[in-house]
There are 2 protein chains.
Amino acid sequence: MRTLQVELGERSYPIYIGSGLLEKIGELSLEHGISAKSPHLIVTDERVAPHYLQMVEDRMAEAGFTTVSHVVPAGETSKSLAVFEQVMTTAIQGKLDRSSAVFALGGGVVGDLAGFVAATYMRGVTFVQIPTTILAHDSSVGGKVAVNHPLAKNMIGAFHQPVMVLYDVDTLSSLPARDVSAGLSEMVKHGLILDEEFAYWCRDHASELLALDPEALAYGLERGCAIKADVVSQDEREGGLRAILNLGHTIGHAIEAVGGYGRFLHGEAISIGMAGSALLAETLGRGNHLFEQTREMLSALNLPVVLPSDVSVDEIMDAMQHDKKFTEGRMVFIVPDQIGKVSIVNDVPVNAVRSVVEQLKKEG
Amino acid sequence: MRTLQVELGERSYPIYIGSGLLEKIGELSLEHGISAKSPHLIVTDERVAPHYLQMVEDRMAEAGFTTVSHVVPAGETSKSLAVFEQVMTTAIQGKLDRSSAVFALGGGVVGDLAGFVAATYMRGVTFVQIPTTILAHDSSVGGKVAVNHPLAKNMIGAFHQPVMVLYDVDTLSSLPARDVSAGLSEMVKHGLILDEEFAYWCRDHASELLALDPEALAYGLERGCAIKADVVSQDEREGGLRAILNLGHTIGHAIEAVGGYGRFLHGEAISIGMAGSALLAETLGRGNHLFEQTREMLSALNLPVVLPSDVSVDEIMDAMQHDKKFTEGRMVFIVPDQIGKVSIVNDVPVNAVRSVVEQLKKEG
Ligand SMILES: NC(=O)c1ccc[n+]([C@@H]2O[C@H](COP(=O)([O-])OP(=O)(O)OC[C@H]3O[C@@H](n4cnc5c(N)ncnc54)[C@H](O)[C@@H]3O)[C@@H](O)[C@H]2O)c1
Ligand SMILES: NC(=O)c1ccc[n+]([C@@H]2O[C@H](COP(=O)([O-])OP(=O)(O)OC[C@H]3O[C@@H](n4cnc5c(N)ncnc54)[C@H](O)[C@@H]3O)[C@@H](O)[C@H]2O)c1
Ligand SMILES: [Zn+2]
Ligand SMILES: [Zn+2]
C-alpha cells in the first residue's frame, strides 16, 4: 500500500493506493476516528454497486458500523439537485447525525455528488472518498465537490476535504475501456501542466496503461495524485495556482454542456479542450509544435482531439459564457508554454478562442 | 450608527445598526471591497420588495454597481431546494462570477436562502446581509445558512459568514405585528441564555418594543446581536458553546415541521419551545419557578407559550427524531438553570420530553 499525504494544515489527509484496500475500509474508518455510534451513508451508482457495494457494507458491519446505502443512476445526470435531494432524503431517513460520515464509492460523479451531500448535510459532516475510476485520481483529491445546474456544470458546490481517500486499484478491472481512456486524460493533464517527464511517460506507457497493467497503473495514479495534491496544498481554494488544473476545462466544460452532459465523457471533453489549449498557445504565438505533441500524447491514450462536425461553434462559445473561468468579465485561459509548463493568461481575445474552436472542428 | 464587530479571525465582519443605513449600501459596499466590475445579485421577497428593493438597486447603481434581483415568495416555503435552484438560475443568467456578491434583503428566510446561494454559487462568493426583521438580528449574525428538506428544517446548509451586516432599523416600521413579536422571541432568548438583566429588560420594555420605539429597539437589537456575536466568536462551527443558542429550538423546530412550516412563525414556535425547556428543567428537577418566569416574559411580548390542542404529541415526538440536536443517538437539550443561564444536558430521557410536550398542550 502506497500512502500519499495531502498537506492542508488541520484538514490534511492521506490517500491510500494499493491492491485489496476495499477489504480494509472498516479498520481504516476506525483508525480515522469515524464513530461506530452514528449511522453512516454509502453513496454509489448502479454500475459500481453490483461489483463492490456488498463488500463495503459487509466490511463496515464487521467493524461495528451501521450504514445505509443510496444507489444513484450511472452517469453525469446524477450530479443534479434532484438526485442530491434524494440522497439527502436517504440520509435523513437513515437518521444520520452530525457525527456521521458520507462514503463516496464510485467515480467522479459519485464523489462530487456525495461530497456535496457531505458538505451540506446538517452544514457539513465527515467525508470519505473511495474512487473506483482512473479519472477519480483527480476528482477525489482536492475537496472540490459540486452538482450541475441545467445551465452550467459544477455551478453549485463547495470545498469539502475528505478525511481519507482509499484507492483500491483492483476496482479498476471492471471499468469500461472508454472510461479507462477518459481517466487517463486527467492523468496526462497532470503531466502537461507540471511534469514533462511524466507526460512523456504516459505516452510511452500508453499500452500498459490502457491494458490496466498493475505496475504502470499504480505508478501513474500515484504520480497523478501527487501532482494534484501538491497544487491543492499550495492553493486550497483556487485563489491562484490551482487554476492550472483547469487546463482544457474551459473548452471541455462547454463541450460537455453542448453535448447535454451525456454524449462526451468528462475526460474526452477535456482531451479535446487540451488539444484546443495547445492550438490557442500557437494562435497566441506562445509556442510551436504544441498541438502536434499534445495530440500525439492524447491519441496514444485513445482520446479524441477533434470536435465532431455536427457540434456547433456558436453553441460552444455560448456555453463558455456561463463558465466560471471568467473573472470580472475578462476571458481567462490556461495555456501551455511547453509540455510540462503552463501559464494563466488573462484577457484572451474571444476571437482567438473562436478560431481555435473552429480549427478543432476542421482537424476532424 | 452603532457598529458591532463579530470577531472571527480573518472572517471577522461588522454589524452596522442605525437609521437611514439603506441609503448607504452603495458606499459601504465599495468600502468593503465589493467589485464594481462584476454583477451582483439582490435576493428579497415579495413583501419586502415593494418597500425597499428599488432604493437598494438605485443606491447600488449610483455607486457604480450592476445588479440583478430575484424576488421570492414570502415565507418559510421559500427556503426550499426548488426556490434555491431558481435563484441560482438568476445568478447564472445574470452572469455572476467568482468576484460577485449576493445581497440578502429581508428577514431570516431571505437571509438563510440567499446565504446558501452565496455559500455554494461557484463554491462560494461574497455575502452581504441586509436584515429587515427583528428576528433577523439573530439569523443575520453567525454565518449559518440553510434551506429546508421536506422531512426536516435547515437540514441542507453551510457556514458562510457575510462580509458585513447592514441593519437599517427604519425598515422595521413596515413589519406586521405578529412578526414583531416573533422577532422579539429570539431577542429575549439571548437574555435567557446569557444575560439575566437583558431578559428582564425585554420584559419591562415589552410595550416600547412592541410599539417599535426607536430607542428601545436599537438597544435591544444591539444587545441581542452582541450576545449572539459573542457566542459565535467563541464557537464558529457549533462544536460546543454555540449549542446554547438553540434554547427552545428542538421542540420549536418540531412544532414548525408539524405545522407544515406555515402555521407557526419561527419565533412563535421557539417561544413555545422555550416554555417547554423551562418545563423540562423543572421536570428534571433542575430549577423552580422557571416556567412561570419564562412564560411571563414571553407573554408580555405577545408570544404563545402553549401548544394548540389539535397538535398531536406523537407527531411532535416523531419530528424531533429528525432534528439535528441528536448526537450519536442520545437526546441533547438546552435547559435553563435560572434566567440568564443554561446548561447543555445530554442523555435527556425521551419520556421526560414527551411529558413536557403533553404539559405544553394542557397549559392551553
Ligand atoms: N471534484 C473534482 O475536482 C473533479 C475533477 C475532475 C472531474 N470531476 C468530475 O468527475 C466526473 C467524471 O468522473 P468519472 O469519469 O469517474 O465518471 P463516473 O463517476 O460517471 O464514472 C464513469 C462510469 O464508470 C462507471 N464506473 C465507475 N467505477 C466503475 C468500476 N470500478 N467498474 C465499472 N464501472 C465503473 C460509472 O458507473 C460510470 O458509468 C465529472 O462529473 C467531473 O466533473 C471532478
Ligand atoms: N441562520 C440563523 O442563524 C437563523 C437564526 C434564527 C432564525 N433563522 C431562520 O429565520 C427564519 C425566520 O426569519 P423571519 O422571522 O425574519 O422570517 P421571514 O424572512 O419570513 O420574515 C417574516 C415576514 O415578514 C416579511 N417582512 C420581512 N421584512 C419586512 C419588512 N421590513 N416589512 C414588511 N414585511 C417584512 C416577510 O415577507 C415575511 O412574510 C426561519 O427560516 C429561521 O429558520 C435562521
Ligand atoms: Zn477535470
Ligand atoms: Zn431561531
Side-chain angles (χ1 to χ4, degrees), chain A residues 35-39 66 80-82 84-100 112 115-117 119-125 143-160 237-239 243 321-330 332, chain B residues 35-39 66 80-82 84-100 112 115-117 119-125 143-160 237-239 243 321-330 332:
Chain A
S35 164
K37 291 190 202 149
S38 295
T66 309
S80 69
L81 277 179
F84 168 78
E85 183 160 23
Q86 288 159 13
V87 180
M88 282 288 177
T89 302
T90 301
I92 296 169
Q93 286 172 341
K95 299 194 193 307
L96 266 73
D97 60 38
R98 294 175 59 187
S99 304
S100 296
D112 281 11
F116 190 51
V117 169
T120 57
Y121 183 75
M122 291 183 170
R123 300 195 180 86
V125 296
K144 275 192 178 184
V145 296
V147 295
N148 300 323
H149 185 281
L151 293 177
K153 217 178 120 73
N154 292 331
M155 206 46 128
I156 303 171
F159 288 92
H160 193 64
R237 293 184 71 99
E238 199 162 354
Q321 307 288 329
H322 291 302
D323 192 276
K324 61 190 167 305
K325 267 111 233 152
F326 291 62
T327 302
E328 300 186 353
R330 292 163 305 163
V332 183
Chain B
S35 164
K37 292 191 202 149
S38 295
T66 309
S80 69
L81 277 179
F84 169 78
E85 184 160 21
Q86 288 160 13
V87 180
M88 283 286 178
T89 303
T90 301
I92 297 170
Q93 286 172 341
K95 300 195 193 306
L96 266 74
D97 60 39
R98 293 175 61 187
S99 304
S100 296
D112 282 11
F116 190 51
V117 169
T120 57
Y121 184 76
M122 291 182 171
R123 300 194 180 87
V125 296
K144 275 191 176 186
V145 296
V147 296
N148 301 322
H149 185 282
L151 293 177
K153 215 177 121 72
N154 292 331
M155 206 46 127
I156 302 171
F159 288 93
H160 193 64
R237 293 183 71 98
E238 199 163 354
Q321 306 287 329
H322 291 303
D323 191 277
K324 61 189 166 304
K325 267 110 232 153
F326 291 63
T327 302
E328 301 188 353
R330 293 163 304 162
V332 184

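A note on names: the letters A, B, ... follow the listed sequences, proteins ahead of strands, and every chain is numbered from 1. The shown structure was predicted, so the numbers you read here are calculated from the model rather than taken from an experiment.
- Looking at residues two or more places apart in sequence or on another chain, you find a side chain to side chain contact (heavy atoms under 4.5 Å, CB included) between A:V125 and A:V102, A:A118, A:Y121.
- The minimum heavy-atom distance between A:R123 and B:A158, with the atom names listed, is CD-O, 3.3 Å.
- Expressed to the nearest 0.5 Å, how far CZ of B:F84 lies from CD1 of A:I156 amounts to 5.0 Å.
- The structure places CE of A:M155 at 11.0 Å from OG1 of B:T120, a figure rounded to the nearest 0.5 Å.
- Contacts between A:A119 and chain B at a heavy-atom distance below 4.5 Å involve the backbone alone (N, CA, C, O).
- We find the CD-NE2 distance between B:Q93 and A:H149 to be 7.5 Å, quoted to the nearest 0.5 Å.
- Contact of B:V117 with chain A is not made at all, since no heavy-atom distance falls under 4.5 Å.
- A:S100 does not touch chain B: none of its heavy atoms, backbone or side chain, sits under 4.5 Å away.
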